[in-house]
Structure formats: structure tokens, C-alpha cells
Chemist: 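I'd like to ask you about the structure that follows.
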Amino acid sequence: MLTRGTTPTIIFTLHDDNDVPVDLSKYEVLIVTIEDSRKGQIDIDKERIKFNDDFSFETTLTQEETLRLVSGRIKVQLRAKIDENAIASCEQYCTLADIIKQGEI
């Protein structure tokens, strides 16, 4: 679960069909898209992603970004490209909780 108005760090690991982690650090293009129920989107590109030794990677959202989203069910998808090969993950779902005091603090 994520909460609007916070700065959550999201950690991902993408596995291939054999359940082996994919090293996405070598991909030229990497975009994580988060979409709310009203089709509001946040796109996070490779420059904002930190790669870990276990082939996981992470990114931190800003308060401004989470406040742009509508609370409720959100979906997350990864797209990446190396050479002429493009891949996309399955959509993953998460809940975005609301806050009482609106705006950045």
C-alpha cells in the first residue's frame, strides 16, 4: 500500500519465464508507469532508478507525484528496451491510501 502525500520508495524485480531475475541496468530505456483509476499517470525514467546487486531496482516518488494521483486502486507497469527488443511487465496492482491534511508538508 502507498499513501498520497508521502515519498514512498518502490522496489521492483522483474523475472523471466524461468523465474530468473532480469538485469535491467543494461537496458537503454526503462520506464515505470503508475496509473490511477482516473487514468492519471506518473512516468519514472531510468535516470531516477537505482539498480541493486540482486537485480532489483528502486525509485522514490515525490510528495507532488503521489498527490497528483487519486486514492484507490492503482496499477504499475514496467517497459524497457535494449537494441530493438522491447519488453513490458504484467500490470501489478496496489492500493493508494488517502490523507486527511491535503497538500505538501
Chemist: Inspect the contact between Arg48 and Glu58 and indicate whether a charged nitrogen and a carboxylate oxygen are less than 4.0 angstrom apart.
Modeler: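 No salt bridge links Glu58 with Arg48.
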
Chemist: If we ignore hydrogens and angles and just use 3.5 Å, is the side chain of Lys46 paired with the main-chain N or O of Ser25 as donor and acceptor?
Modeler: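 Checking the backbone N and O of Ser25 against the side chain of Lys46, a donor-acceptor pair under 3.5 Å is found.
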
Chemist: Given 3.5 Å as the limit, does a donor-acceptor pair link the side chain of Glu35 with the main chain of Gly40, or not?
Modeler: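 Judged by distance alone, no pair lies under 3.5 Å.
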
Chemist: Test of understanding: with side chain to side chain contact (heavy atoms under 4.5 Å, CB included), list the residues that count as partners of Ser56, not counting sequence neighbours.
Modeler: Ile11, Thr13, Asn52, Asp54

Chemist: So Val70 and Arg4, side chain to side chain contact (heavy atoms under 4.5 Å, CB included) or not? Walk me through it.
Modeler: CA-CA 8 Å; Val70 175; Arg4 290 183 69 244; over 6 Å; no

Chemist: With no hydrogens and no angle check, is any side-chain donor or acceptor of Thr3 less than 3.5 Å from a backbone partner on Thr6?
Modeler: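 Pair absent, no side-chain N/O of Thr3 close to backbone of Thr6.
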
Chemist: What are the two closest heavy atoms between Ala97 and Met1, and how far apart are they?
Modeler: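 Between these two residues, the closest heavy atoms are CB-SD, 3.9 Å.
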
Chemist: Determine whether a donor-acceptor pair (N or O, by modelled atom type, separation under 3.5 Å) exists between the side chain of Asp36 and the backbone of Arg38.
Modeler: yes

Chemist: Do the non-hydrogen side-chain atoms of Glu64 and Leu67 ever get within less than 4.5 Å of each other?
Modeler: no

Chemist: Does either side chain, that of Thr60 or that of Thr7, offer a donor lying less than 3.5 Å from an acceptor on the other one?
Modeler: no

Chemist: Are any side-chain N or O atoms of Ser89 and backbone N or O atoms of Gln77, one a donor and one an acceptor, separated by less than 3.5 Å?
Modeler: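 No: the side chain of Ser89 does not pair with the backbone of Gln77.
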
Chemist: What residues, two or more places apart in sequence or in another chain, satisfy salt bridge (charged side-chain N to carboxylate O under 4.0 Å, His left out) together with Asp45?
Modeler: none

Chemist: Taking atom NZ of Lys39 and atom NZ of Lys75, what is their separation to the nearest 0.5 Å?
Modeler: 4.0 Å

Chemist: Run through the side-chain heavy atoms of Ile, Leu, Val, Met, Phe, Trp and Tyr, join any pair under 4.5 Å, and report what else lands in Ile87's cluster.
Modeler: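 So far as hydrophobic clustering goes, Ile87 is joined with Leu2, Ile10, Phe12, Leu14, Val22, Leu24, Tyr27, Leu30, Val32, Ile34, Ile42, Ile44, Ile49, Phe51, Phe57, Leu61, Leu69, Ile74, Val76, Leu78, Ile82, Leu96.
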
Chemist: Mark yes or no for whether Thr95, through its side chain, and Arg73, through its backbone, hold a donor-acceptor pair below 3.5 Å.
Modeler: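 It does not hold such a pair.
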
